[in-house]
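Here's the structure, in structure tokens; my notes come after.
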Amino acid sequence: MAEFQARKYEFKAEVKKLLDILVHSLYTSREIFLRELISNASDALDKVRFEITKGSEVLDKELSLEIRIDFDDKKNTITVADKGIGMGHDELITNIGTIAKSGSEEFLKQLSENKEAANNIIGRFGVGFYSVFMVAKEVIIKSKSFRKDEPAVWWKSDGSGDYEIAELDVPIKRGTTIEIHLRDDAKEFADKYRLDGIIKRHSNFISFPIYLKGEKINTIAALWREPKSSIKQEQYNEFYKFLTHDTEDPLEVIHTSVDAPIQFNALLFIPKKSYEFWRWNRDDYGLDLYVRRVLIQHQNKDLLPEYLSFVKGVVDSEDLPLNISRETLQENIIFTKIANSVTTNVLSHLLKVAKENPEKYSEFWKEHGRIFKLGYMDFANSDKYLQLLRFNSSACEDEKELISLDDYVSRIKKDQKEIYYALGANREAIDLNPHLEIFKAKGLEVLYLYDPVDEFVVTSLRKYKDFDFKSVDSVDLKSLEKFDDISERQTTVEALSKDDEKHFDSLLDKMKKILGDRVKEVRESKRLKDSPSCLVNADDSISTTMRKILKMSTSELSLPNREVILEINKDHKLIRNLLEIFKKNSEAPFIQDTTEQLYESALLLEGNLDDPHKLVNRLNKMLAEASELYKNRIN
Ligand code: ADP
Ligand code: MG
């Protein structure tokens with residue numbers, strides 16, 4: 001290339017505009033200037049490596065591919081030097097003197113729409129090289145192209161409107177050095193601690209070594225870009241701990257490299273322990289998004305749906321523009337495709353664990369199941385989601401054992417159209433639920449739900465395959481008639497005589513009178529074995545537990561009145577005795593007390609008794625009477 005004259009050039013109009021904004025901005029995250037320069041250096045190194053591998057003739061081939069950063073706190077300068085591809089005279093003009101990049105353009109567009117917003121939006125855009133003028137009063141570039149005959153060039157600007165280019169009079173090696181003369185208000189950056197922090201924060205995973213005053217700063221490699229086969233488990237663990245500050249190793253590592261149709265690498269982790277517990281800040285989740293090893297956004301919340309927010313890690317793509325703004329990410333088709341793919345990957349991985357290592361999957365479920373369940377709205381992935389759900393059930397040996405919906409369905413009885421579930425605080429509580437007695441008698445499996453969220457899940461899902469979810473307290477008893485009892489019911493109790501049947505009906509009427517509007521009906525129960533009574537919803541619009549949840553969140557007035565039926569177990573000893581008392585004296589106060597007690601006990605079992613005082617007083621009174629009888633009997 002021919003020699004050239006030193007001369008001044010004007011920046012293009014849009015560059016001037018951009019520079020003007022940057023120079024006069026009071027933007028607080030000015031430190032991103034270094035991220036931009038390092039990413040340019042890294043690009044330049046990538047390019048020269050490409051030329052070398054391609055076999056092109058490259059100047060100073062022996063130079064090691066690295067980035068060196070130095071500073072002088074007396075002169076208030078910082079230099080960023082790379083051994084990359086370098087620039088010649090014309091390249092400096094076209095690359096640095098004009099805005100060709102969409103990021104800067106987009107930035108200006110947004111600015112023209114909202115002038116005041118400059119300070120807030122600079123950091124979100126990769127405004128590239130020019131961001132250096134947020135901290136520099138003067139910048140000098142010295143560059144030597146990888147092409148043999150290209151003279152070394154010198155470039156200088158104060159960022160105000162023009163720049164100078166001249167040929168360098170001293171010989172330099174291939175690459176680019178950027179010398180920053182700091183503005184008076186930016187002297188703080190000529191500081192080792194400060195620079196070290198900035199590099200670690202934004203550029204830790206640049207694949208070329210970055211030296212600060214001769215000391216290597218980026219010690220952790222961008223592991224996600226390495227081939228899986230070359231990575232040891234310890235390296236994954238170390239990276240995970242570095243990323244999350246967790247002290248334990250991860251439960252699972254999900255490392256994916258996808259080349260087509262869109263290129264991306266993802267290195268994701270499932271922590272052993274849920275972060276939920278101490279996650280005061282509900283915003284503290286998301287994956288780190290990189291574009292070609294440069295951090296674009298920390299904790300991006302759109303790469304994974306919220307129900308997978310327990311996943312930690314990074315996603316890096318070649319196919320996204322480095323200058324992409326966070327605002328436009330969500331509208332970016334490539335980004336959306338990456339996000340979908342990452343989500344499917346996580347779910348597929350979980351399916352694999354569930355299949356190959358059920359024990360590990362239970363461990364996962366115990367920690368993260370609570371959040372995971374919230375995925376019932378992810379219709380696109382509902383197939384996988386449903387397969388991944390776990391429950392405890394009446395078929396389990398203990399509270400810890402888990403089953404999938406497929407497990408349930410594989411055991412489902414012939415002609416069974418519903419998947420039954422019961423909600424309770426724990427296994428013992430549900431076992432004692434009178435509504436379960438008929439299911440036990442008929443050997444019908446019931447899902448045990450311990451978390452109020454579970455009921456939201458099953459009521460939102462409505463069905464699994466062809467089976468509707470049905471709460472045991474709103475099941476239609478007729479639908480159970482077709483199932484035989486698995487064991488003979490103990491019929492030690494004699495059937496009532498015709499006469500007594502009539503008295504029993506009158507007793508039920510009496511009980512209805514006592515309870516008044518509180519119940520819609522008092523009737524004989526077909527479902528009870530061991531309990532004297534239970535409450536049944538008259539309609540199944542709102543299940544008992546759902547009502548309880550709604551009651552906690554809304555004012556009681558806004559809930560429709562509950563219609564309940566009190567069911568009475570005719571064969572229960574208490575009821576038989578009550579019948580005898582009733583026959584002797586239909587107005588006996590004991591009948592009144594017992595009826596109230598049965599009703600309130602049923603409410604109490606459901607967790608729907610608002611005020612226990614009356615119940616306890618009545619119970620004490622009845623115990624006092626019982627003790628009197630008992631005392632006399634002993635004597
Ligand atoms: P971008 O990096 O998005 O292209 P920049 O404003 O950061 O935008 O840089 C503009 C251009 O200047 C780059 O595309 C590159 O061609 C050139 N450039 C910047 N820094 C260097 C460097 N250190 N070595 C070689 N070329 C560089
Ligand atoms: Mg750049």
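Indexing begins at 1, ligand by ligand and atom by atom, following the structure's order.
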Measuring centre to centre across the rings, with the benzene-like ring taken for any Trp, is [X] within less than 6.0 Å of [Y]?
X	Y	answer
Phe133	Phe33	no
Phe364	Phe310	yes
Phe372	Tyr385	yes
Trp224	Phe269	no

Check for me whether Lys312 meets the cation-pi criterion with Tyr240, that is, NZ or CZ under 6.0 Å from the six-membered ring centre and within 45 degrees of the ring axis.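 Cation-pi check for Lys312 and Tyr240: fails.
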Pick, from Val15, Leu45, Asn95, the option with the minimum heavy-atom distance to atom 16 (O) of ligand 1.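 Closest candidate by heavy-atom distance is Asn95.
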Out of Asn40, Leu18, Ile67, indicate the one that has the non-hydrogen atom closest to atom 20 (N) of ligand 1.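 Result: the heavy atom closest to atom 20 (N) of ligand 1 is in Asn40.
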Does ligand 1 have an atom that lies less than 4.0 angstrom from a heavy atom of Glu36?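 Checking ligand 1 against Glu36, which is what was asked, there is no heavy-atom contact under 4.0 Å.
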Would you check the N or O atoms of Tyr130, main chain and side chain alike, for any that come under 3.5 Å of an N or O of ligand 1?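 Min N/O separation from ligand 1 is not below 3.5 Å for Tyr130.
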Using distance alone, determine whether Ile96 and ligand 1 share an N or O pair under 3.5 Å.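 Ile96 vs ligand 1: no N/O contact under 3.5 Å.
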So if I count the atoms of ligand 1 from 1 in the order they appear, which ones are less than 4.0 Å from some heavy atom of Gly128?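 Taking each heavy atom of Gly128 in turn, ligand 1 has 5 (P), 6 (O), 7 (O) under 4.0 Å.
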Part of Ile178 within contact of ligand 1 (heavy atoms, under 4.0 Å):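 No part of Ile178 comes within reach of ligand 1.
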Would you say Ser39 has an N, O or S atom lying under 2.8 Å from the Mg ion (ligand 2)?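 Checking the Mg ion (ligand 2) against Ser39, no N, O or S atom falls under 2.8 Å.
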Surrounding NZ of Lys216 (heavy atoms of other residues, nucleotides or ligands, distance under 6.0 Å), is the total greater than 12?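 Yes.
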